[in-house]
*Asks:* 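One structure is given below, represented as structure tokens, and several questions about it will come after.
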Amino acid sequence: MKRKKRLVSYLLVCMLSMSMGLIASAEKSTEATPAWVSNEVQTWKELDLLRGDSQGNLLLKNEVSRVEFITFINRIMNHQVESNKLINDVPDDAWYASEMKKAIAAGIIQGDEKGNMNPTQPLTREEAALILTRIFQLSSSKVETQTFQDHDYISAWAKDAVYTLKHAGFVIGNSTGNFEPKKSITRAEAIKMINNVMGQLIADDKVHSDITGTNLVINTSGSTLSNVNLTGNLYITVGAGEGTIVLENVNVAGTIYINGSAKVVIRNSHVEQLIVNHADVSTTVELDGSTTVTTITLQTVSQLVVGPQSSIDTLTVNAASVVTGTGVIGKAVINAANVSLSQTPKVLTLNVKEVIIAGKVVTKEELENEQTDNNTSPGTDTSTPSPKVTKLYTYEQLLSIAKPTESEALVQQYISFLQDPTYTPSIASSASEVPDFTNALTFVNADFDVKPSIFASLRGINTSILNEKRTILWIGTDAGVTQIKLSDNSMKTYNLENKQLSDNRVLLIIADGSKGIFAITETGVSHIYQ
């Protein structure tokens with residue numbers, strides 16, 4: 001018995017010694033960190049975003065798999081909710097199953113046409129760029145004049161994302177001017193690219209002040225930020241929870257994205273744009289003190305309080321919401337039912353049946369009658385409407401429309417085809433033969449119900465469409481869009497040079513359901529009105 005006890009004691013000592021050896025080896029890791037990413041690596045270790053193996057090695061030269069990249073994003077956004085969706089190629093007992101389910105719940109990933117996520121597949125640099133632009137809702141309307149040397153090797157679905165990051169200074173390419181889009185991204189490169197886009201991260205409930213930079217992420221509620229100046233965006237993530245976040249004396253030149261349910265108080269600040277987009281529960285935003293916001297968009301159910309000294313230039317409401325307070329609202333555009341405003345805005349545009357203003361139901365019919373009688377209420381804009389000007393969208397901006405019209409939905413579907421790396425046009429419909437039309441391969445699909453170009457087989461014409469009354473013909477070529485009035489054959493051109501298109505190569509024209517069209521080019525979408 002004594003021998004057994006001595007043996008057990010000996011084994012325990014050995015095990016403890018081995019454990020101490022592992023700890024010692026971890027502390028003595030000699031893995032070198034490249035100088036160009038050393039600051040980011042140190043910051044990520046302090047924030048617990050980056051964890052090494054049992055020897056303490058960070059494996060910075062290793063390729064990053066899809067799930068490793070997603071795990072980085074989950075930690076930054078503090079994603080906690082897991083989807084209950086079954087994933088074909090992710091076993092429930094896999095170490096990464098939880099991370100994949102979090103990413104699905106957050107809408108980061110969707111999988112291929114077979115429902116596979118390919119979690120362990122190495123991620124390419126262009127795939128990483130696309131994921132980051134989607135997660136951080138980045139887009140650029142600029143036309144690239146100085147492309148990467150390997151521009152032609154960047155996939156069509158990734159070019160907008162890659163050059164959006166380039167415009168923002170988040171990627172610069174290598175010493176030879178190449179982006180190397182098909183190259184698997186390493187852990188060090190992933191950390192650098194993500195950190196460039198993320199900017200700074202607030203992951204606690206403390207007080208922070210005197211912050212300057214491009215972008216900023218807040219993933220935890222309870223914090224107070226003061227004296228903040230950002231040239232980019234501020235992201236309040238879904239992981240921030242349901243507490244309160246106070247922003248005081250902040251200046252955001254880009255957009256504040258509120259994607260979580262935390263209550264956000266903005267005091268004595270200026271914000272160019274604010275977007276609330278949290279689908280699960282109502283989000284509360286309070287504008288306090290001398291806060292001014294140029295545009296606010298409520299994409300989801302919200303409660304907005306506009307303090308007496310605060311003001312909003314333009315408020316767009318796309319979901320059932322309650323807007324209270326006595327501050328100034330310049331223009332309100334109501335696109336959803338069950339909206340209530342405590343006061344009348346200076347200009348009111350009502351695109352639904354009714355809205356409640358100061359406790360009274362105001363109907364669209366009443367507003368139209370008041371305009372007709374030229375006896376308008378203070379909140380109705382009765383000035384002669386100016387002709388609508390062409391509106392330019394990047395692919396990402398068009399895809400971000402939460403409640404698209406039928407025509408916008410067709411445009412979104414087409415863009416999704418263009419950006420889907422698994423989409424192979426030549427085999428898109430095994431049951432039908434793809435016609436030999438100019439550009440047909442880019443939009444002919446068994447599930448994509450868009451009329452083919454009526455002049456698709458003519459040389460130099462990529463796409464064309466007649467309006468419903470057959471009085472206007474729209475033609476798209478590599479030189480832009482031409483509108484032809486068939487009654488007198490008068491023509492009007494739309495192109496990059498007159499700032500009507502993002503670029504001149506028109507891929508597809510889709511009628512907008514009214515009098516205009518959507519012209520989809522290689523780098524963007526133009527909504528052109530007749």
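When a residue number appears, it is its place in the shown sequence, counting from 1. Excluded from the calculations below are hydrogen atoms, water molecules and symmetry mates; all remaining heavy atoms, backbone and side chain alike, are included.
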*Asks:* Quick check on the 6.0 Å ring-centre criterion: do H151 and Y163 meet it?
*Replies:* yes
*Asks:* Any Lys/Arg nitrogen of K183 or E189 sitting under 4.0 Å from an Asp/Glu carboxylate oxygen of the other?
*Replies:*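 Answer for the salt bridge query: yes.
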*Asks:* Using every non-hydrogen atom in the two residues, find where F136 and V217 come nearest and quote the distance to one decimal.
*Replies:*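 Looking at all heavy atoms of both residues, the closest pair is CE2-CG2, 3.9 Å.
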*Asks:* Indicate the atoms forming the closest heavy-atom contact of T214 with F170, along with that distance.
*Replies:* CG2-CZ, 4.0 Å
*Asks:* Taking N118's backbone N and O only, do any of them form a donor-acceptor pair with N116's side chain (distance below 3.5 Å, no angle check)?
*Replies:*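 Checked: no pair found.
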*Asks:* Which atom pair, heavy atoms only, marks the closest approach of S407 to I510?
*Replies:*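 S407 and I510 have their closest heavy atoms at O-CG2, 4.4 Å.
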*Asks:* Could you check whether any side-chain N or O of E68 sits under 3.5 Å from a backbone N or O of S65, counting only pairs where one atom can act as donor and the other as acceptor?
*Replies:* yes
*Asks:* So which atom in E272 and which in G254 form the shortest heavy-atom distance, rounded to 0.1 Å?
*Replies:* CB-O, 3.4 Å
*Asks:* V162 and F179: which non-hydrogen atoms are nearest, and at how many Å?
*Replies:*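 Nearest heavy atoms, V162 then F179: CG2-CE2, 3.8 Å.
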*Asks:* Heavy-atom distance under 4.5 Å between the side chains of Y153 and N178, does that happen here?
*Replies:* no
*Asks:* Do K102 and E82 pass the salt bridge (Lys or Arg N to Asp or Glu O under 4.0 Å) test, and can you show the C-alpha distance, the side-chain angles, and the key distance before you say yes or no?
*Replies:* CA-CA 4 Å; K102 289 177 185 178; E82 297 184 12; 5.2 Å; no
*Asks:* Whether K166 engages the ring of F148 as a cation-pi pair (distance to the six-membered ring centre under 6.0 angstrom, angle to the ring normal within 45°) should be assessed.
*Replies:* yes
*Asks:* Kindly indicate whether the side chain of L230, heavy atoms from C-beta on, has any atom under 4.5 Å from the side chain of N215.
*Replies:* no
*Asks:* Closest approach of T283 and G260, non-hydrogen atoms and distance?
*Replies:* OG1-O, 3.2 Å
*Asks:* Please check: side-chain N/O of T186 versus main-chain N/O of E63, any donor-acceptor pairing under 3.5 Å?
*Replies:*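 No, because the side chain of T186 does not come within donor-acceptor range (under 3.5 Å) of the backbone of E63.
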*Asks:* Are E126 and K182 packed together at the side-chain level, in the sense that at least one heavy-atom pair is separated by less than 4.5 angstrom?
*Replies:* yes
*Asks:* Is it the case that the side chain of Q200 and the backbone of T212 share a donor-acceptor pair, with hydrogens and angles ignored and the cut-off at 3.5 Å?
*Replies:*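 Checking the backbone N and O of T212 against the side chain of Q200, a donor-acceptor pair under 3.5 Å is found.
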*Asks:* Please round to the nearest 0.5 Å and tell me the distance separating atom OG1 of T71 and atom CG of L50.
*Replies:* 12.0 Å
*Asks:* Please confirm whether the ring centroid of W157 lies under 6.0 Å from the ring centroid of Y395.
*Replies:* no
*Asks:* Do the non-hydrogen side-chain atoms of Q273 and I256 ever get within less than 4.5 Å of each other?
*Replies:* no
*Asks:* Answer whether the closest heavy-atom distance between the side chains of L201 and L47 falls below 4.5 Å.
*Replies:* yes
*Asks:* Compare all side-chain heavy atoms of D512 with those of H527 and state whether any distance is below 4.5 angstrom.
*Replies:* yes
*Asks:* Sequence neighbours excluded, which residues qualify as ring-ring contact (aromatic ring centres under 6.0 Å, His included) partners of Y393?
*Replies:* none
*Asks:* Which donor-acceptor pairs under 3.5 Å do side chains of residues 351-358 form with protein atoms, sequence neighbours excluded?
*Replies:*
from, atom 1, to, atom 2, distance (Å)
N351, ND2, N335, OD1, 2.7

*Asks:* Is T521 reaching over with its side chain to a backbone N or O of G524, donor-acceptor style, under 3.5 angstrom?
*Replies:*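 Confirmed, T521 side chain pairs with G524 backbone.
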*Asks:* First locate atom CG of L274, then atom OG of S269, and finally report the distance between them rounded to the nearest 0.5 Å.
*Replies:* 11.0 Å
*Asks:* Between K101 and D92, is there a salt bridge with N-O shorter than 4.0 Å?
*Replies:* yes
*Asks:* For F69, which residues count as a ring-ring contact (aromatic ring centres under 6.0 Å, His included) partner, sequence neighbours excluded?
*Replies:* none
